[in-house]
Amino acid sequence: QVQLVESGGGLVQAGGSLRLSCAASGRMISSYAMGWFRQAPGKEREFVAAINWRGTRTIYADFVEGRFAISRDNAENAMYLQMNSLKPEDTAVYYCAASHNLVAVTTHNEYDNWGRGTQVTVSS
């Protein structure tokens with residue numbers, strides 16, 4: 001039972017940056033792979049980025065194109081997503097998630113715990 005709470009979302013102009021945080025409580029995340037997903041209105045939830053249990057391997061969706069960076073601080077029991085060069089199509093609710101896998105995974109059904117999401121809106 002790990003509780004995940006996202007923060008850092010908001011309204012930003014195209015080309016701007018946001019840093020999302022995922023704070024975990026109730027259990028340490030040091031033995032879990034972690035990931036970020038997003039869901040825009042009328043679209044399916046899609047994978048954004050994942051990081052393995054030690055933070056030594058990361059995976060990104062193709063649309064990231066080098067703009068985002070996922071990181072984790074197990075001592076602080078937190079995960080982050082730095083988003084730069086944001087585009088209007090990045091507008092979505094962003095969710096953090098924890099998996100019982102040690103390795104980074106990219107599909108939603110491999111994650112067991114989810115936050116409630118934080119809204120990111122990018123204006124043109």
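Heavy-atom basis, side chains included; hydrogens, waters and symmetry copies ignored.
Using a 4.5 Å cut-off on side-chain heavy atoms (C-beta onward), I51 and M79 make contact. By the 4.5 Å heavy-atom criterion applied to side chains, N77 and R27 are not counted as neighbours. Side-chain contact between K87 and F63 is absent, with no heavy-atom pair separated by less than 4.5 Å. Put simply, the side chain of M34 reaches to within 4.5 Å of the side chain of L4, judged on heavy atoms. Put simply, the side chain of R38 reaches to within 4.5 Å of the side chain of E46, judged on heavy atoms. Proximity of L20 to Q82: side-chain heavy atoms (C-beta onward) are nowhere separated by under 4.5 Å. The shortest side-chain heavy-atom distance between T91 and E89 does not fall under the 4.5 Å cut-off. Taking 4.5 Å as the limit, every side-chain heavy atom of V5 sits out of range of all side-chain heavy atoms of R116.
Put simply, L86 and V48 are part of the same group of oily side chains (I, L, V, M, F, W, Y) that touch within less than 4.5 Å, one to the next. The cluster map of Ile, Leu, Val, Met, Phe, Trp and Tyr, joined by side-chain heavy atoms under 4.5 Å apart, puts V64 and L18 in the same cluster. Hydrophobic clustering places Y60 together with V120 (ILVMFWY residues linked when any side-chain heavy atoms are closer than 4.5 Å, directly or through intermediates). Hydrophobic clustering (ILVMFWY, side-chain heavy atoms < 4.5 Å, transitive): V12 and Y94 are in one cluster. Under a hydrophobic-cluster definition in which Ile, Leu, Val, Met, Phe, Trp and Tyr are linked whenever side-chain heavy atoms come within less than 4.5 Å, directly or via other members, V2 and L81 are assigned to the same cluster.
At least one donor-acceptor pair under 3.5 Å links the side chain of T118 to the backbone N or O of G9. With hydrogens and angles ignored, the 3.5 Å screen pairs no side-chain donor or acceptor of D73 with any backbone N or O of A78. Although no hydrogens or angles enter the test, the distance criterion places a donor-acceptor pair under 3.5 Å between the side chain of S99 and the main chain of E110. A donor-acceptor pair is defined here as one N or O able to donate and one able to accept, closer than 3.5 Å; no such pair exists between the side chain of E6 and the backbone of C22.
Other residues, nucleotides and ligands contribute over 12 non-hydrogen atoms within 6.0 Å of the CZ atom of R19.
Residues passing the side-chain hydrogen bond (donor to acceptor under 3.5 Å, both in side chains) test with S17, sequence neighbours excluded: N84. Every residue meeting the side-chain contact (heavy atoms from CB on, under 4.5 Å) condition with T56, not counting sequence neighbours, appears here in chain and number order: N52, R54.
A24 and I29 make their closest contact through CB-CG2, 3.5 Å (heavy atoms, listed as atom of the first residue, atom of the second, distance). The two residues A92 and A40 make their nearest non-hydrogen contact at CB-N, 3.8 Å.
Residue Q3 holds its CD atom at 4.5 Å from OG of S25, rounded to the nearest 0.5 Å. We find the CG-OG distance between N101 and S31 to be 11.0 Å, quoted to the nearest 0.5 Å.
Annotation: cation-pi pair R72/Y32 absent, no NZ/CZ under 6.0 Å from the ring centroid and within 45° of its normal.
In this structure, V103 belongs to a hydrophobic cluster whose other members, linked by side-chain heavy atoms under 4.5 Å apart, are F37, F47, I59, V93, Y95, V105, Y111, W114.
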